Each structure stands twice: as C-alpha cells, then as structure tokens.
There are 2 protein chains.
Amino acid sequence: MENAARIFEGHLKLRGLKSTRQRQAIFNAFIESSVHLSAEELYRKLRKKNPGIGLSTVYRTLKLLCDCGLARALQLDDNMVTFEKESKRDHHDHMVCRECGRIEEFYSKAIEDLQERVAKKHGFIPEDHRMKIIGLCKECARRKAEK
Amino acid sequence: MENAARIFEGHLKLRGLKSTRQRQAIFNAFIESSVHLSAEELYRKLRKKNPGIGLSTVYRTLKLLCDCGLARALQLDDNMVTFEKESKRDHHDHMVCRECGRIEEFYSKAIEDLQERVAKKHGFIPEDHRMKIIGLCKECARRKAEK
DNA sequence: ATTGATATTGACATTCATTATCATTTAGAA
DNA sequence: TTCTAAATGATAATGAATGTCAATATCAAT
Ligand SMILES: [Mn+2]
Ligand SMILES: [Mn+2]
Ligand SMILES: [Zn+2]
Ligand SMILES: [Zn+2]
C-alpha cells in the first residue's frame with residue numbers, strides 16, 4: 001500500500017513535525033516487516049542497514065505510527081508490547097497459544113457488533129478494543145491429546 | 001464467601017504448600033479489598049496492619065490466588081497488572097475510560113459463545129480470554145459534548 | 001513436645017522494557 | 001544562507017516484576 005507513506009507524511013505535516021531520514025527508515029522497515037514485532041525487534045532489523053539509529057527514535061516513531069492509525073500496539077506477551085500494521089479494513093483480534101506462543105488472527109463481525117451494543121448499553125462510547133483468546137493451538141492440542 | 005478460604009487452603013495442601021501467617025493476611029486483605037488493585041496497592045494496604053510483610057510475598061501469593069482461580073490478573077492500565085477477585089459465576093470483561101480511567105464491567109453471554117465458536121473454527125481450544133473496550137464513559141462523553 | 005526436612009520469608013539486588021534528559025544536529029520556512 | 005524549533009541518540013533513569021539467599025517457620029513424623 002503505497003498510500004501508507006502518504007498518510008504518514010500527511011500526519012507529520014499536519015502536526016508541524018519533520019520528515020527525517022530516521023523516520024522514513026523506521027516507517028519503511030515497519031511496513032516491510034512481518035506481522036507482529038516489538039520495538040526492540042524492529043530496532044535490531046533497522047540496525048543492519050541503518051547503524052546509528054537510536055532505540056528511542058524507534059519507540060517515538062512507533063508511537064507516531066500508532067497516532068496516525070498505521071500501527072497498533074498489542075499486549076500479546078505479558079512483558080512486551082508488540083506492534084502490528086493496522087488499517088481500518090483489516091481489523092482483527094488475536095488468539096495466542098499458551099504452549100507455543102503461536103498467534104492466530106480472527107475477525108468476527110458479530111462480536112464487533114455486540115461489543116458496540118454492550119458498550120452503548122452502559123452509556124459508553126467505544127473507540128477501540130483489545131480482545132485476546134488464550135488457549136491451545138491446533139498443533140499443541142493434538143500433541144497434548146496424543147500423550 | 002467463606003468458602004474462598006477453603007479453596008485457598010485446599011490449594012495449598014494439595015500442592016504441599018504451607019499455610020503461613022503472611023499468606024493468610026494477604027488472602028484476607030485481598031478478599032476484603034475493592035474490586036481492582038495492583039500488587040503494590042494491596043501491599044500498601046497490608047502494611048498498615050502487618051508491617052514487615054514483604055512485597056515479594058504479596059506478588060507470590062497473588063500468583064497462588066490466580067492459580068487456584070480466586071484471583072485474575074488484568075491489564076487495564078498499560079504499565080501495571082491489576083488483580084480482581086474471580087469466581088466462575090461472575091466472570092466479566094471490562095470497559096475503561098481513556099479520559100478518567102473509570103472501569104465498567106460487563107458480561108455478554110452472546111459474545112462469550114461467539115468467542116468459543118470462533119476459536120474452535122480455528123482449531124483452537126479456548127481456555128481463557130481478555131477483552132477490553134476503550135472509550136469514553138458516560139460522564140466524560142457528556143463533558144465532551146457540552147464543551 | 002521435639003525433631004528435622006523442606007518450604008517460606010523479606011531485605012536487597014537485579015532485570016528489563018520503556019521513558020526522560022540534554023547537548024548536538026537537522027529540517028525546512030523565510 | 002540563516003534561523004529556530006524540532007529531532008536525534010547516547011546515556012541515565014524509572015519502575016514493575018522477579019531472583020537471591022541466609023534466616024525462619026511449618027508440619028509430618030517421631
Ligand atoms: Mn495481528
Ligand atoms: Mn472487574
Ligand atoms: Zn501452540
Ligand atoms: Zn471517564
């Protein structure tokens with residue numbers, strides 16, 4: 001999606017922020033990256049091509065990406081925030097295997113609608129949500145059954 | 001529920017763990033406590049009556065309480081785990097106001113059922129879940145509207 | 001009640017992800 | 001080119017959570 005770059009640049013301009021070499025590098029690395037990664041992981045990936053880039057800047061830029069809706073921060077693991085690419089059209093939630101850590105993505109229109117409904121019933125204006133199902137993935141379930 | 005104590009004691013006995021003065025104090029403070037609190041908060045509450053109790057022990061005991069299903073660890077805030085009393089019969093999820101931090105509890109049988117269903121569709125065996133809706137509580141929504 | 005093996009405790013240190021500091025550099029408008 | 005506010009990154013700091021370990025407590029067996 002070539003259009004993510006425009007969103008990012010637009011966000012910067014709108015806020016009077018500057019388009020720096022580092023921000024571009026981080027943006028690119030993030031866009032090309034695999035689905036779920038931590039700030040640290042993105043940082044290590046970046047260092048290969050861009051030595052001298054700072055971890056602080058990675059954190060800061062990731063925050064910017066979240067602000068403009070290109071990234072989403074998740075708590076999949078207990079002691080680390082992971083980031084993933086986000087766009088209004090591919091929203092999903094996660095299942096995580098407590099045995100092997102495998103992450104499965106899912107989307108349920110029905111659940112999303114019910115969330116909306118239950119929030120409003122409480123006078124709440126829902127803006128976002130996090131939903132995580134913990135359990136055993138297919139593989140690990142089979143392995144357990146065999147034993 | 002006088003029966004929580006029996007569950008806790010039973011859990012200890014079953015695992016060959018010992019029933020200590022500290023564990024009893026922490027158990028009691030937790031049971032009498034307000035709905036959502038952090039280890040640190042429980043620790044401070046305890047120190048009033050039980051000076052000399054250790055924060056480590058609070059963490060350790062809270063883990064035991066989770067193990068036997070009397071407590072549940074939540075990520076309501078971004079940088080702190082909060083604990084709440086849990087029992088099979090009053091399971092619920094949470095809405096949290098991004099403005100004032102207010103926490104609203106809710107339960108939807110329909111959502112729970114759909115979670116079960118979607119997990120199985122992915123070959124997943126669901127064991128637990130965390131669901132959090134972020135938004136504006138009634139109060140804060142009104143305040144925003146007036147302004 | 002005594003014993004003794006084993007679990008527990010808590011002060012303290014440590015870890016580790018994330019954030020703050022701040023002197024230096026840079027973007028970008030004029 | 002100049003100027004000013006923003007950005008950077010090395011480094012230190014923060015803070016929740018966990019590890020360490022000598023001293024202590026529990027409890028089953030005697
Ligand atoms: Mn995902
Ligand atoms: Mn609750
Ligand atoms: Zn698995
Ligand atoms: Zn509120």
Side-chain angles (χ1 to χ4, degrees), chain A residues 5 8-30 36-68 71-83, chain B residues 5 8-30 36-68 71-83:
Chain A
F8 188 48
E9 291 298 326
H11 183 76
L12 295 179
K13 204 146 287 173
L14 196 71
R15 296 200 174 192
L17 305 178
K18 294 172 180 175
S19 179
T20 66
R21 180 170 59 265
Q22 292 91 332
R23 282 177 178 162
Q24 286 162 26
I26 295 167
F27 168 85
N28 287 324
F30 177 70
H36 307 109
L37 39 55
S38 66
E40 186 72 35
E41 285 166 344
L42 183 57
Y43 172 67
R44 281 201 298 272
K45 181 169 300 204
L46 275 158
R47 296 292 295 223
K48 293 174 187 169
K49 296 282 175 186
N50 294 66
I53 209 155
L55 178 57
S56 297
T57 304
V58 173
Y59 272 103
R60 291 187 282 234
T61 304
L62 241 11
K63 195 162 287 175
L64 287 177
L65 289 168
C66 288
D67 289 344
C68 64
R72 205 159 78 107
L74 303 171
Q75 284 272 5
L76 298 179
D77 191 340
D78 276 332
N79 55 311
M80 202 175 44
V81 171
T82 63
F83 296 86
Chain B
F8 188 49
E9 291 298 325
H11 182 75
L12 295 180
K13 205 147 286 172
L14 196 72
R15 296 200 173 191
L17 303 179
K18 294 171 179 175
S19 180
T20 67
R21 181 170 57 264
Q22 292 90 331
R23 281 177 178 160
Q24 286 163 24
I26 294 167
F27 168 86
N28 286 325
F30 178 71
H36 307 110
L37 39 54
S38 66
E40 186 72 34
E41 286 166 343
L42 183 56
Y43 172 65
R44 280 201 298 272
K45 181 169 301 205
L46 275 158
R47 296 292 295 222
K48 294 173 186 171
K49 295 284 175 185
N50 295 66
I53 208 155
L55 178 56
S56 298
T57 303
V58 174
Y59 274 103
R60 291 186 285 233
T61 304
L62 241 10
K63 194 162 289 171
L64 288 177
L65 289 169
C66 288
D67 289 344
C68 64
R72 205 159 78 108
L74 303 171
Q75 283 274 3
L76 298 179
D77 191 341
D78 276 333
N79 54 312
M80 202 175 44
V81 171
T82 62
F83 296 85

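Everything numeric in this text was worked out from a predicted model, so none of it was measured.
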Strand contacts (DNA chain C) in residues 52-62 of chain B, 4.0 angstrom heavy-atom criterion:
B:Gly52, B:Ile53, B:Gly54, B:Ser56, B:Thr57, B:Arg60
Whole angstroms only, please: what is the CD-P distance between A:Gln75 and D:dA17?
11 Å
Using whole Å, what does the distance between atom P of nucleotide D:dA16 and atom CD of B:Glu41 come to?
10 Å
Less than 4.0 Å between a side-chain N and a carboxylate O, is that true for A:Arg44 and A:Glu40?
yes
Short side-chain N/O contact from B:Lys13 to OP1 or OP2 of D:dC27, under 4.0 Å
no
Is there side-chain contact between A:Lys18 and A:Leu12, with heavy atoms separated by less than 4.5 Å?
no
In whole angstroms, how far is the C1' atom of D:dT18 from the CD atom of B:Glu40?
14 Å
Measure from CZ on A:Arg23 to P on C:dT26 and round the result to the nearest Å.
15 Å
Could you check whether A:Ser38 gets within reach of a base, just the sugar-phosphate, or nothing at all, counting any heavy atom under 4.0 Å?
nothing
Where is the tightest heavy-atom contact between B:Ala29 and B:Leu46, given as atom of each residue plus distance?
CB-CD2, 3.6 Å
If you assign B:Ser19 and B:Asn79 each to the DNA chain D nucleotide with the nearest heavy atom, which residue ends up on the more 5' nucleotide?
B:Asn79
Applying side-chain hydrogen bond (donor to acceptor under 3.5 Å, both in side chains), name anything that partners A:Tyr59, two or more places apart in sequence or on another chain.
none
Measure from CG on A:Leu37 to P on C:dT18 and round the result to the nearest Å.
12 Å
On the nucleotide C:dA27, are OP1 or OP2 found under 4.0 Å from the side-chain N or O atoms that A:Arg21 carries?
yes
B:Lys63 has a side chain; which of D:dA6, D:dA17, D:dT18 sits nearest to it?
D:dT18
Separation of B:Asp77 atom CG from C:dA17 atom P, in whole Å?
19 Å
Partners passing side-chain contact (heavy atoms from CB on, under 4.5 Å) against A:Arg60 (at least two apart in sequence or in another chain):
A:Ser56, A:Thr57
Does the pair B:Glu9 and B:Gln24 meet the rule for a side chain to side chain contact (heavy atoms under 4.5 Å, CB included), with working shown?
CA-CA 9 Å; B:Glu9 291 298 325; B:Gln24 286 163 24; 4.3 Å; yes
Using OP1 and OP2 only, check whether a side-chain N or O of A:Gln22 sits under 4.0 Å from D:dG9.
yes
Report the distance from atom CG of B:Leu12 to atom P of D:dA25, rounded to the nearest whole Å.
18 Å
In this structure, how many angstroms lie between the P atom of C:dA17 and the CG atom of A:Asp78, rounded?
13 Å
Are OP1 or OP2 of D:dT8 and a side-chain N or O of A:Lys18 less than 4.0 angstrom apart?
no
About how many Å separate CG of A:Leu76 and OG of A:Ser38, when rounded to the nearest 0.5 Å?
11.0 Å
